[in-house]
Each structure stands twice: as structure tokens, then as C-alpha cells.
Amino acid sequence: MREELKKYNEYKFELKILKRKLRQENEEEVKISGSNFEVNGDIRPQGYMSNNIEKQIINKADKVKELEERIIDLEERINIIDTALNTLKNNDRLAIEMYFFKGLSQEAVASTLGLVDGKKAQQKISNAIIQIDKIFKKYATR
């Protein structure tokens, strides 16, 4: 879980980039001169097309599908982390967010939350991660 929390901001950033790429791919048309055709759901063109055009369409469809699958994976990871954080007490959630997502030191987390020192912040963060892990294990076995 600790690794997933460390990568949370990377997941969000990558998700934004991939959504932009997907929009661009969907807006970009395969240039076909002198041909009028439709593509069936299984990416099989109706009518005659040159092999080169068919490859372009299939490559574009494969790229779009790959982007969509990665987007779904990232959205699921982000959703799992968000859901897990919402199960924590407010100060525990804030400690995780400050430390992992905002990159604050344990001392800064302690100061913000009114804790004695960085060790107490580390303890709070570790306990919150243990709580999240328990929740994951509970639902992963269902």
C-alpha cells in the first residue's frame, strides 16, 4: 500500500496525459483519399480498401483500445486509494495526504497536526497504512 500511496500523484498526472492523448486520437482522422466507407464494430471495413489504409485504421483502433485500458486501470487505482482514505479518521487521512501527496516531511506533518514530533507523525502514518491494508485484505478475500 505504501508504494501505491507514493505513486498516487503520478497516477493522477498520467491519467490526465492519457485522457488528452485519447481525445487527440479520437479527433484525428485517418486520411483516406477518394474512399468512402464505414468501420464495423469489429474493425472490419465495409467495401474495398487498400491494405495500407486498413492497417492505419486497425493500428489507430489498437492504440485507442490500449489507451482506454490504461485509463481504466489508473482510474481504478486512484478510486481504491481515495476510497481507502475516506475510511480513515480525519487526522489520519490528513497525515497520509500531507506526507505522500504533498511531500511534506514528518516534522511538518507533526507541526500541522499538532503532534509532538516527527516520530509521532511517522507512527500516525504507519498506523493509517495498517488500517488501509486491513480494509484491502478484508475486501480482497470476498
Side-chain angles (χ1 to χ4, degrees), residues 1-33 35-47 49-142:
M1 173 47 63
R2 189 175 288 272
E3 287 304 312
E4 291 293 307
L5 291 169
K6 287 179 183 178
K7 293 180 181 179
Y8 182 82
N9 285 334
E10 292 175 32
Y11 292 156
K12 288 193 135 191
F13 181 73
E14 184 180 354
L15 181 61
K16 287 180 181 181
I17 298 286
L18 291 176
K19 283 183 175 182
R20 182 181 308 149
K21 282 183 183 178
L22 181 62
R23 275 193 307 275
Q24 290 171 345
E25 286 294 325
N26 284 328
E27 290 171 1
E28 186 180 295
E29 295 180 15
V30 176
K31 293 189 173 45
I32 302 165
S33 57
S35 295
N36 224 356
F37 65 90
E38 294 179 14
V39 176
N40 293 337
D42 62 352
I43 314 171
R44 301 238 186 248
Q46 295 178 350
M49 289 191 306
S50 73
N51 202 18
N52 187 32
I53 294 170
E54 186 175 309
K55 284 180 186 175
Q56 287 178 9
I57 292 171
I58 290 171
N59 287 341
K60 181 173 243 349
D62 288 345
K63 190 171 184 178
V64 166
K65 183 178 179 182
E66 185 179 304
L67 287 170
E68 288 172 339
E69 287 172 354
R70 181 63 181 153
I71 287 170
I72 289 169
D73 178 58
L74 288 171
E75 287 174 336
E76 287 174 352
R77 288 173 183 266
I78 291 167
N79 189 33
I80 287 169
I81 293 168
D82 288 342
T83 301
L85 290 175
N86 287 332
T87 65
L88 298 176
K89 293 177 183 174
N90 193 44
N91 275 354
D92 293 342
R93 181 180 47 76
L94 288 173
I96 294 283
E97 289 174 353
M98 287 187 282
Y99 184 72
F100 287 105
F101 306 161
K102 295 181 180 176
L104 297 179
S105 68
Q106 293 174 354
E107 289 74 22
V109 172
S111 175
T112 304
L113 295 178
L115 302 173
V116 176
D117 58 18
K119 287 185 180 183
K120 290 291 183 186
Q122 180 198 11
Q123 201 173 35
K124 182 172 270 310
I125 292 165
S126 295
N127 289 338
I129 291 171
I130 290 169
Q131 290 173 2
I132 292 171
D133 281 338
K134 285 179 184 178
I135 292 165
F136 279 134
K137 288 176 184 172
K138 178 181 175 182
Y139 290 103
T141 58
R142 287 184 176 186

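The structure displayed is predicted, hence computed values, not measured ones.
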Is the closest side-chain heavy-atom distance between [X] and [Y] below 4.5 Å?
| X | Y | answer |
| --- | --- | --- |
| Lys63 | Asn59 | no |
| Glu4 | Ile80 | no |
| Asn127 | Asp92 | no |
| Glu14 | Arg70 | yes |

**Study point:** Tyr8: partners by ring-ring contact (aromatic ring centres under 6.0 Å, His included), with sequence neighbours left out
**Key:** Phe101
Atom [atom1] of [X] and atom [atom2] of [Y]: how far apart are they, to the nearest 0.5 Å?
| X | Y | atom1 | atom2 | answer |
| --- | --- | --- | --- | --- |
| Leu88 | Lys124 | CG | NZ | 10.0 Å |
| Asn86 | Ile132 | CG | CD1 | 10.0 Å |
| Glu3 | Leu5 | CD | CG | 9.5 Å |
| Glu25 | Leu67 | CD | CG | 6.5 Å |
| Leu15 | Tyr11 | CG | OH | 12.0 Å |
| Arg77 | Lys12 | CZ | NZ | 15.5 Å |

Exercise for review: In plain terms, say whether Lys65 and Glu68 are close enough for a salt bridge, that is, a side-chain N and a carboxylate O under 4.0 Å apart.
Suggested key: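 No, this pair does not count.
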Check your understanding: Salt-bridged, Asp117 to Lys120, with N to O below 4.0 Å?
Key -> no
Check your understanding: Hey, is CD on Glu66 packed in by over 12 heavy atoms from elsewhere, all under 6.0 Å?
Key -> no
Review point. Above 12 or not: heavy atoms from other molecules or residues under 6.0 Å from CZ of Phe100?
Key: yes
**Study point:** Side-chain H-bond candidate by donor/acceptor type, Asn90 with Arg93, under 3.5 Å
**Key:**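 Side chains of Asn90 and Arg93: pair found under 3.5 Å.
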Review point. For Arg23 and Arg20, what are the C-alpha separation, side-chain angles and deciding distance, and is it a side chain to side chain contact (heavy atoms under 4.5 Å, CB included)?
Key: CA-CA 5 Å; Arg23 275 193 307 275; Arg20 182 181 308 149; 3.9 Å; yes
Check your understanding: Which residues satisfy the salt bridge (Lys or Arg N to Asp or Glu O under 4.0 Å) test with Asp133, sequence neighbours excluded?
Key ->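 Asp133 satisfies salt bridge (Lys or Arg N to Asp or Glu O under 4.0 Å) with no residue once adjacent residues are dropped.
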**Study point:** Contacts of Ser105 that satisfy side chain to side chain contact (heavy atoms under 4.5 Å, CB included) - sequence neighbours left out
**Key:**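 By the side chain to side chain contact (heavy atoms under 4.5 Å, CB included) rule, Ser105 matches Glu107, Ala108.
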Check your understanding: If you take all heavy atoms of Gly118 and Ala110, which pair is closest and at what distance?
Key -> N-CB, 4.0 Å
Point to revise | Worked check of side chain to side chain contact (heavy atoms under 4.5 Å, CB included) between Phe13 and Asn9 | key: CA-CA 6 Å; Phe13 181 73; Asn9 285 334; over 6 Å; no
